[in-house]
Amino acid sequence: MNVIELNASTAGSHRRKSEVLDVLVIGAGFSGVCAAIKLLEKGITNFRLFEKSGGIGGTWWENVYPGAACDIPSHLYCYSFEPNPNWSKLYPAQAEIQAYIEHCADKYGIRPYIEFDAEIKALVFEDNTGLWRAEFADGRRVHARHVVNASGGLHKPSIPDFEGRASFRGAQMHTAKWDQSYDFAGKRLAVIGSAASAVQLVPELAKVAKHLTVFQRTPNYIVPRLDRPYTEARKRLFARNPWLMRLYRWLIFTRLDVYVFPIISNAKIRARRGEQVKQYIRSQIADPAMQQALEPDYELGCKRILLSDDFYQALQRDNVELVTRAAARIAPEGVVAVDGRLHEADVIVYATGFDLPGHQQSIPITGPGGRTLAQAWADHAEAYRGASVAGFPNYYLVTGPNTGVGTTSVVFMAEQSLRWILECIETAGNDGLLSVKPEAQQRYNEALHAALATRVWATGCKSWYKRADGRIETLYPHNARSFAKQMRQVQLADFELRRKRPAVAAVSSLAAER
């Protein structure tokens with residue numbers, strides 16, 4: 001690790017009585033709340049967590065559509081340090097997950113550190129102070145020594161730019177911008193999309209709709225969820241014996257890492273299990289034509305594997321129509337498919353997912369020397385271990401490029417990243433700028449993408465996992481244990497540390513500049 005002196009003799013001249021955070025955290029979802037808890041555990045109290053929405057929960061605050069739930073078992077979809085014996089069922093629903101996050105915020109005393117409705121519009125590194133400046137939508141500014149971007153990927157809706165959207169006479173909404181006041185009963189509904197959110201939403205809407213049209217562009221591998229409630233006896237057993245709950249969590253983790261992950265990495269296993277899923281699909285669908293329409297023609301795992309106990313049943317209701325020709329444009333009366341047929345609707349629901357690559361740059365970021373993150377990522381987005389970007393000192397991503405392990409809990413991944421990030425923050429301290437060396441970042445990413453080229457995601461199907469040119473920037477090529485191992489310790493030889501002169505280090509360490 002190289003130590004270089006940063007000349008900042010003019011550092012505090014314009015700061016006067018301004019206040020500086022040691023750590024600024026973006027987002028109050030699972031990652032942000034965990035960051036706050038871990039900062040307090042380290043004795044770091046001069047931090048603030050800024051959330052653009054009006055409450056705690058992140059993804060689970062935003063996504064309140066009917067049927068919203070997690071596809072990771074509840075006892076793994078929680079913090080390792082805060083197990084919950086009272087999960088109501090195997091797969092938790094939105095309201096229960098949000099309540100859990102709020103419980104953690106209350107138990108660990110982090111609410112006083114959170115500011116809601118605080119949207120950051122830009123982050124700028126000040127060369128003369130060595131501080132990050134956050135610029136907010138209301139015009140104020142906050143300075144910080146370190147920034148932890150804990151905003152998740154499932155908050156920036158992706159809606160195709162359909163011709164004629166403005167002409168539609170009815171209601172329109174994305175699943176992540178749900179209008180809870182709208183009465184769907186007796187309406188003609190059109191759902192565009194048939195993937196993760198749609199398989200949860202469609203069965204619920206089908207119960208109340210006069211007619212429901214589901215637009216499917218590509219069929220998905222959907223396996224039975226086998227959801228079930230936990231008995232009161234099971235909850236009491238877990239509450240009285242925390243070690244049993246930890247063992248149960250470990251068994252879930254191991255099953256996903258040992259049984260499910262080989263689908264990603266082993267072609268023979270993938271082919272065998274893929275055929276098993278297709279047989280399941282055929283067993284659930286009575287109509288041969290619909291069977292064919294719902295059977296994928298790509299390898300299992302190339303797109304996200306979905307879980308549902310009732311989606312196929314919903315599609316076979318008398319008031320539901322599956323359209324396998326993609327939506328082409330929006331007309332005043334409804335949705336027009338690529339074959340020219342108009343499907344009339346009173347409301348259109350876009351179950352079209354999220355802009356995962358875009359969330360990494362949803363806040364414009366300008367680093368030292370005026371170089372922006374958009375410029376650094378002009379050709380491709382990459383980070384060192386998914387958390388640190390060369391040329392952007394003291395700026396960290398919790399779920400940065402190539403940190404997605406689809407066979408484990410994102411909460412587990414966030415905990416691993418935050419352990420590593422906090423070690424970086426402690427290493428730099430209040431008077432240091434820690435930045436990964438470009439050659440270390442390049443070396444890490446060359447190995448990572450070489451491994452990705454051997455995974456199922458590179459087999460040819462189109463998915464949100466990868467760009468149009470085939471580059472995969474969302475997923476990690478190994479299993480959860482491998483990710484945890486690589487995040488166990490900061491390799492200081494891969495970093496450069498610059499020490500600021502006392503004029504910067506002595507700047508008041510309080511809270512925020514207005």
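All values reported here derive from a predicted model rather than from experimental measurement.
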Item to check | Of Tyr248, Phe253, Phe412, the residue whose pairing with His75 passes ring-ring contact (aromatic ring centres under 6.0 Å, His included) | outcome: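 The single option meeting the ring-ring contact (aromatic ring centres under 6.0 Å, His included) with His75 is Tyr248.
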
Item to check | Residue from Trp61, Trp60, Tyr77 passing ring-ring contact (aromatic ring centres under 6.0 Å, His included) with Phe30 | outcome: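 Of the listed residues Trp61, Trp60, Tyr77, the ring-ring contact (aromatic ring centres under 6.0 Å, His included) partner of Phe30 is Tyr77.
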
Checklist entry - Can Glu232 and Lys235 be counted as an ion pair, charged N to O under 4.0 angstrom? => result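 Answer for the salt bridge query: yes.
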
Next on the checklist: So which atom in Ile192 and which in Thr352 form the shortest heavy-atom distance, rounded to 0.1 Å?
Outcome noted: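 Minimum heavy-atom contact is O-CG2, 3.6 Å.
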
Item to check | Which residues share a side-chain hydrogen bond (donor to acceptor under 3.5 Å, both in side chains) with His449, sequence neighbours left out | outcome: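 With neighbours one apart ignored, the set is Arg471.
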
Next on the checklist: side chain to side chain contact (heavy atoms under 4.5 Å, CB included) for Asp138 and Glu119? Distances and angles first, verdict last.
Outcome noted: CA-CA 8 Å; Asp138 62 5; Glu119 183 179 5; over 6 Å; no

Are [X] and [Y] linked by a side-chain donor-acceptor pair shorter than 3.5 Å?
X	Y	value
Tyr79	Glu415	no
Glu204	Gln200	no
Arg273	Gln276	no

Item to check | Residue pair Tyr298, Asn220: steps toward the side chain to side chain contact (heavy atoms under 4.5 Å, CB included) verdict | outcome: CA-CA 9 Å; Tyr298 52 88; Asn220 296 283; 3.9 Å; yes

Next on the checklist: Let's go through Trp87 and Phe238 carefully: what are the C-alpha distance in whole Å and the side-chain angles of both, what is the deciding distance for ring-ring contact (aromatic ring centres under 6.0 Å, His included) to 0.1 Å, and is it a yes or a no?
Outcome noted: CA-CA 10 Å; Trp87 288 115; Phe238 280 159; over 10 Å; no

Item to check | Nearest-0.5 Å distance, CZ of residue Phe50 to CZ of residue Phe136 | outcome: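 Here the interatomic distance stands at 4.0 Å.
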
Next on the checklist: Quick one, His343 with Glu333, criterion side chain to side chain donor-acceptor pair (under 3.5 Å). Give me CA distance, side-chain angles, the key distance, then yes/no.
Outcome noted: CA-CA 8 Å; His343 298 266; Glu333 303 83 11; over 6 Å; no

Next on the checklist: If the condition is disulfide bond (SG atoms under 2.5 Å apart), which residues does Cys78 pass it with, not counting sequence neighbours?
Outcome noted: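 Cys78 satisfies disulfide bond (SG atoms under 2.5 Å apart) with no other residue.
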
